[in-house]
Amino acid sequence: VSDDLAQLLRLNEEEIGRLDTAFSGTRAVLQDLETENIAVDQPSETQVVLSIPPYQEEGELVREELYGELEKTLGPARFSRFLQVAEPGLEEQFEYFGRADRTLEFEALQDAATGAPQLFVRDERVVPSKDDPLRQDIIAVEQIVTELPEQYQPYWSWLPEYVTRFGRSN
């Protein structure tokens with residue numbers, strides 16, 4: 001729970017603890033659901049693609065459970081205010097509660113100028129639009145890094161050595 005949110009909703013320490021527990025439990029359940037059907041493809045010797053299909057029904061149940069806990073902790077008025085200010089960020093934070101079709105692409109590269117090893121990472125989500133059932137939104141982030149970003153640690157078991165060597169050494 002951020003300080004700004006705690007101040008806006010006038011949360012006490014007990015409420016902050018309950019919300020933090022609910023958020024971390026939700027994150028763990030969604031990560032388990034995400035990895036149940038993960039598919040791995042290696043289109044080349046230096047590239048791996050992880051495909052994570054949607055799990056919308058299970059994700060909706062997780063959302064309902066989280067929202068129930070939030071409403072129980074905050075009460076109806078503060079819960080309504082919470083949704084007004086935080087729901088879009090909550091959707092993103094919790095991987096759209098299983099509505100997104102996600103593709104993670106990793107490719108080992110060498111810097112053209114120095115020859116130093118680098119890692120290309122593409123993280124793409126295809127999310128059905130809440131406003132238009134005929135539209136899908138594509139959200140993609142591409143980066144070239146020298147260290148595997150922390151948010152990809154949950155996928156370590158599916159990544160080959162040429163990707164995991166970019167993991168933190170400490």
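Heavy-atom basis, side chains included; hydrogens, waters and symmetry copies ignored.
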Hphob cluster co-occupancy, [X] + [Y], side-chain heavy atoms under 4.5 angstrom:
X      : Y      : answer
Ile144 : Val163 : no
Leu66  : Leu11  : yes
Tyr96  : Leu50  : no
Val29  : Tyr55  : yes
Leu159 : Val49  : no

May I ask you to check whether over 12 heavy atoms, not counting those of [X], lie within 6.0 Å of atom [atom1]?
X     : atom1 : answer
Glu45 : CD    : no
Glu65 : CD    : no
Glu57 : CD    : no
Glu13 : CD    : no

Which atom pair, heavy atoms only, marks the closest approach of [X] to [Y]?
X      : Y      : value
Pro128 : Val126 : CD-O, 4.0 Å
Pro53  : Asp101 : CA-OD1, 4.0 Å
Ala100 : Val127 : CB-CG2, 3.9 Å

Under the salt bridge (charged side-chain N to carboxylate O under 4.0 Å, His left out) test against Arg99, which residue among Glu91, Glu92, Glu60 passes? Glu91

Between [Y] and [X], does any NZ, NE, NH1 or NH2 come within less than 4.0 Å of an OD or OE carboxylate oxygen?
X      : Y      : value
Arg102 : Glu34  : yes
Glu58  : Arg63  : no
Arg165 : Glu147 : no
Asp20  : Arg18  : no
Arg27  : Glu95  : no

Which is it for Glu105 and Gln47 under the side chain to side chain donor-acceptor pair (under 3.5 Å) test, yes or no, and what are the steps along the way? CA-CA 7 Å; Glu105 179 184 336; Gln47 185 182 33; 2.7 Å; yes

Just so I know, are the side chains of [X] and [Y] near enough to count as touching, which here means a heavy-atom distance under 4.5 Å?
X      : Y      : result
Val121 : Val145 : yes
Leu9   : Arg81  : yes
Glu142 : Asp123 : no
Phe79  : Thr73  : no
Ile138 : Glu124 : yes

Just by distance, with hydrogens left out, do [X] and [Y] show a side-chain donor and acceptor under 3.5 Å apart?
X      : Y      : result
Gln110 : Gln118 : no
Ser129 : Asp132 : no
Tyr67  : Glu87  : yes

About how many Å separate [atom2] of [Y] and [atom1] of [X], when rounded to the nearest 0.5 Å?
X      : Y      : atom1 : atom2 : result
Tyr162 : Glu107 : OH    : CD    : 8.5 Å
Phe97  : Leu61  : CZ    : CG    : 12.0 Å
Leu83  : Leu70  : CG    : CG    : 7.5 Å
Thr21  : Leu19  : OG1   : CG    : 8.5 Å
Leu109 : Thr46  : CG    : OG1   : 7.0 Å
Arg125 : Thr103 : CZ    : OG1   : 10.0 Å

Return yes if some donor-acceptor pair links the side-chain N/O of Ser80 with the main-chain N/O of Ala77 below 3.5 Å, else return no. no

Is the backbone N or O of Leu33 less than 3.5 Å from a side-chain atom of Glu36, with the two atoms forming a donor-acceptor pair by type? no

side-chain contact (heavy atoms from CB on, under 4.5 Å), that's the test. Do Val40 and Val48 meet it? Break it down for me. CA-CA 7 Å; Val40 181; Val48 64; 3.7 Å; yes

side-chain contact (heavy atoms from CB on, under 4.5 Å) between Leu104 and Trp158, worked out: CA-CA 11 Å; Leu104 301 171; Trp158 291 273; over 6 Å; no

Look at the aromatic rings of Tyr152 and Phe106 and report parallel, tilted or perpendicular, splitting at 30° and 60°.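 Rings of Tyr152 and Phe106: perpendicular, as their planes differ by over 60°.
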
